[in-house]
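The chain is numbered in sequence order, starting from 1.
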Amino acid sequence: MDVRMWRVRWGTAIGVFCLLSAAVWGKLSLAVRFPDIVMENVATGSVINLRQMKGVPYVVINQSDQPVEVLVEPLVPIPGPAQAKEDYEPVPNPEWLRIVPNRFKLGPGDLASAEVILSVPKDPALVGRHFQVNIHAATEGTGSLAIAVNHYVRFSVEGPGPAALKKEKDRQKLGTLDLDMTPPRSDLKKSPWVKPSTSKN
């Protein structure tokens, strides 16, 4: 299986795992360590465990001063802040992505990790398409103070991603340009500003 992860966008400038957190009055805080992932050449019929493939477990951290329950779910991107990125379409079925386990009971300061597993059906109609699925972690049982953290998995099926395709398209356009760098030829004899010579040898 030829799967190339061409970009792992880290959430900090120094290239380490991003640490996203949301806090309410300093009492309830949830953080997740996981990169937003982009993959190319994902074969149909493949099953990819991201921890085994790239060593990127999904880690949930309870930064609250109280116990919390957390549910982690794959979601289809919808219009709004969590919509699919340009050139990617929402995944047809969120069950293509599994988080195992996907429910945690964490005491103050506790953390837990999970596997993130992508399964792509064996369907030739998927070839050449680009998909996004969201990973949504949210506290439960905290009423109106519930908080959530989102991450994204984007992948292209049996082909390059949108950025690579655009770059190749631009390269081909440049290659088809027929540029004539020869300077235009000027015939001074026919110029109205040049008088014909009257000298005789």
Side-chain angles (χ1 to χ4, degrees), residues 3 5-39 42 46-86 88-121 130-157:
V3 178
M5 184 177 296
W6 65 277
R7 184 182 67 182
V8 176
R9 186 184 65 191
W10 307 101
T12 65
I14 58 175
V16 297
F17 278 110
C18 63
L19 183 62
L20 299 181
S21 64
V24 179
W25 300 329
K27 298 292 185 180
L28 186 62
S29 180
L30 180 69
V32 173
R33 283 205 304 258
F34 191 72
D36 291 340
I37 290 183
V38 179
M39 294 184 291
V42 176
S46 61
V47 178
I48 303 171
N49 185 316
L50 295 179
R51 180 203 286 266
Q52 294 178 356
M53 180 181 177
K54 288 294 179 180
V56 284
Y58 187 91
V59 179
V60 181
I61 308 168
N62 179 17
Q63 296 181 333
S64 310
D65 57 3
Q66 58 186 287
V68 296
E69 294 188 16
V70 180
L71 176 65
V72 186
E73 298 178 292
L75 296 179
V76 174
I78 59 175
Q83 67 184 356
K85 186 179 179 180
E86 184 180 1
Y88 287 86
E89 58 182 294
V91 69
N93 187 342
E95 294 182 0
W96 288 11
L97 195 75
R98 291 182 295 136
I99 298 92
V100 184
N102 72 328
R103 190 180 293 273
F104 308 96
K105 291 184 178 181
L106 303 174
D110 286 352
L111 60 82
S113 64
E115 309 288 325
V116 178
I117 302 170
L118 177 67
S119 301
V120 181
H130 317 286
F131 297 103
Q132 175 177 316
V133 57
N134 296 353
I135 306 177
H136 180 80
T139 58
E140 291 190 309
T142 53
S144 61
L145 298 182
I147 55 176
V149 179
N150 284 300
H151 286 81
Y152 315 98
V153 174
R154 300 182 179 106
F155 60 97
S156 301
V157 181

key: Working for side chain to side chain contact (heavy atoms under 4.5 Å, CB included), residues V153 and W96   = CA-CA 11 Å; V153 174; W96 288 11; over 6 Å; no
Using every non-hydrogen atom in the two residues, find where [X] and [Y] come nearest and quote the distance to one decimal.
| X | Y | value |
| --- | --- | --- |
| A84 | E89 | CB-C, 4.4 Å |
| G107 | N62 | O-ND2, 2.9 Å |
| V91 | F131 | CA-CD2, 4.0 Å |
| A114 | F104 | CB-CZ, 3.9 Å |
| P77 | V133 | CD-CA, 4.4 Å |
| P94 | V76 | CD-CG2, 3.5 Å |

If you measure from [atom1] on [X] to [atom2] on [Y], what distance do you get to the nearest 0.5 Å?
| X | Y | atom1 | atom2 | result |
| --- | --- | --- | --- | --- |
| L50 | I37 | CG | CD1 | 4.5 Å |
| L28 | I147 | CG | CD1 | 4.0 Å |
| R103 | E69 | CZ | CD | 7.0 Å |
| K105 | E140 | NZ | CD | 10.5 Å |
| N150 | D36 | CG | CG | 9.5 Å |

So does [Y] get a backbone contact from the side chain of [X], meaning a donor-acceptor N/O pair under 3.5 Å?
| X | Y | answer |
| --- | --- | --- |
| N102 | E73 | no |
| N134 | H136 | no |
| H151 | F34 | yes |
| S64 | S29 | yes |
| Q132 | Y152 | no |

Any residue meeting side-chain hydrogen bond (donor to acceptor under 3.5 Å, both in side chains) with S113, in chain and number order, not counting sequence neighbours =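 S113: side-chain hydrogen bond (donor to acceptor under 3.5 Å, both in side chains) contacts with R51.
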key: For N49, side-chain hydrogen bond (donor to acceptor under 3.5 Å, both in side chains) partners two or more places apart   =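 Listed in chain order: E115.
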message = If you count every heavy atom of other residues, nucleotides or ligands that lies below 6.0 Å from L111 atom CG, does the total exceed 12?
response =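 Enclosed.
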key: Passing option when I99 is tested against L71, V72, I117 for side chain to side chain contact (heavy atoms under 4.5 Å, CB included)   =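 The option that passes is V72.
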